[in-house]
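Input: a single structure, listed below in structure tokens.
To find a chain, count down the sequence lines: A is the first, B the second, and so on, and within it residues start at 1. The structure presented is a predicted model; accordingly, all values stated were derived computationally and were not measured.
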2 protein chains.
Amino acid sequence: MDEAAALPLDVETKVIERPSDHKDELRLWLRLMSCKMLIENEIRRRLRDNYDITLPRFDLMAQLDKAPGGMKLGELSQRLMVSNGNITGLVDRLVGQGLLDRQAAPNDRRTHLVKLTAEGRRTFRAMAAAHEGWIADLFGGLSSSEQETLMRLLGKAKVSARKAIG
Amino acid sequence: MDEAAALPLDVETKVIERPSDHKDELRLWLRLMSCKMLIENEIRRRLRDNYDITLPRFDLMAQLDKAPGGMKLGELSQRLMVSNGNITGLVDRLVGQGLLDRQAAPNDRRTHLVKLTAEGRRTFRAMAAAHEGWIADLFGGLSSSEQETLMRLLGKAKVSARKAIG
DNA sequence: GGGAGTTATTTCAAGTATAAAATAATTCGC
DNA sequence: GCGAATTATTTTATACTTGAAATAACTCCC
């Protein structure tokens, strides 16, 4: 590139004069974040306006809907990738709303099993159907093959990150 | 597809029997979120361990570093895609740390201009260099062309979402 | 130039999030 | 079985975040 050619050719100082440039990865990261924010803020708004629920509560219920037998708190924390204490508070509030049921596990008194109540499940299913439509709508400008590629590359990014984290 | 062919062919009930399925877009969205969480949590950890700073503060400083003349609070709120009140608090704390300088705008007494102090700039530059390296490291498993494609498709997703939001 | 509407920011209450310490129960080795 | 290490969850302190209401300053129109 022109820019590189214009630099002094002294190999001793080259590294200092032209440290490795990682601006592209940074731009990629910033774009990932802004894409996420754009969509998330809209989803948050629609959940509030239409169902008077917050996104963290919705996300937690979505996990439980996939686990009819209930889940341990730690399992929720892992899947949602948030801290333990965070889950404790969210579950408290959802139990208070009558959407969740928390019961001690039979064999291990440290563990609590959390599951959706009948009302919780009914409520969630209605919201989830709308939510799925919103997401499809927001990603509607991408063809199926573009969506597939995006899916694949994000998967690869996750593998890459996990490897770098070790 | 086989699955569709196996369904009853009654055109009257088809819509009910087989509502449009948007599961793929949903999976894409969930993967985007988990990719973001994975990387963000690691960056947050490294910023804390190495520089004792939080991610929101770092992000705010990054915006200001790009604006030598300073920025209005509303501009920060727009760029970071967070609420106004959020920015007020973050700026308060950063001013308290001596990293930011807040001054009334000359021509409009409603507006405050915020900029990095000399110390703020020095501090940020050091952190930013490390941060850039971390991001490059985390995305290192993707080739340049894969990064390019990902960048392009995320851009397209943003356009799509913005259009759907209207 | 005075009031209506708009814009910029702050305040407020509630909720979400973290890290670290505390509590409590289990498992494992001996 | 006893104690050490581990595991599951809660608690605590602090920070971040939101949406809505409040405050304050500007603009514009008549």
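The two residues A/Met71 and A/Ala67 make their nearest non-hydrogen contact at CG-CB, 3.5 Å. Considering all non-hydrogen atoms of both residues, A/Ile135 and B/Glu25 come closest at CG2-O, 3.6 Å.
Rounded to 10°, the helix from C/dG1-D/dC30 to C/dC30-D/dG1 has 20° between the axis fitted to its first five pairs and the one fitted to its last five.
We find that CZ of A/Arg102 is positioned 9 Å from C1' of D/dT10, with the value rounded to whole Å. Rounding to whole angstrom units, CG of residue A/Leu73 and C1' of D/dT9 are separated by 7 Å. Atom-to-atom, CE of B/Met71 to C1' of C/dT9 comes out at 15 Å; the value is rounded to the nearest Å. The CG-C1' distance, from A/Asp52 to C/dA14, rounds to 13 Å in whole Å. Whole-Å rounding puts the A/Leu47 CG to C/dG15 P distance at 16 Å. The distance from atom CD of B/Glu42 to atom C1' of C/dA19 is 15 Å, rounded to the nearest whole Å. Taking atom CG on B/Asn107 and atom C1' on D/dA24, their separation rounds to 16 Å, with Å as the unit.
Ionic pairing of A/Arg48 and A/Asp52 is not present here: no N-O contact between side-chain nitrogen and carboxylate oxygen is shorter than 4.0 angstrom.
Remark: side-chain polar atoms of B/Thr149 are paired, donor with acceptor, to backbone N or O of B/Ser145 under 3.5 angstrom. With hydrogens and angles ignored, the 3.5 Å screen pairs a side-chain donor or acceptor of A/Arg31 with a backbone N or O of B/Met151.
When distances are taken from the side chain of B/His112 to each of C/dT26, D/dC26, C/dT10, the shortest belongs to C/dT10. Proximity note for B/Arg110 (side chain, C-beta onward) versus C/dA8, C/dT9, C/dA25: the nearest is C/dA8.
Contact annotation: A/Lys72 side-chain N/O to D/dA8 OP1/OP2 distance is under 4.0 Å.
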Problem set entry | Contact state string [nucleotides 11-22 of chain D, B base, S sugar-phosphate only, - no protein heavy atom under 4.0 Å] | B---SSSBSS--
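Taking 4.5 Å as the limit, every side-chain heavy atom of B/Gln63 sits out of range of all side-chain heavy atoms of B/Glu75.
Separation of atoms CE (A/Met33) and CG (B/Leu32) is listed at 10.5 Å; rounding is to 0.5 Å.
Two rings, from A/Phe58 and A/Phe124, have their centers less than 6.0 Å apart.
Cluster annotation: A/Val95 and A/Leu113 are assigned to distinct hydrophobic clusters (Ile/Leu/Val/Met/Phe/Trp/Tyr, side-chain heavy-atom contacts under 4.5 Å, transitive).
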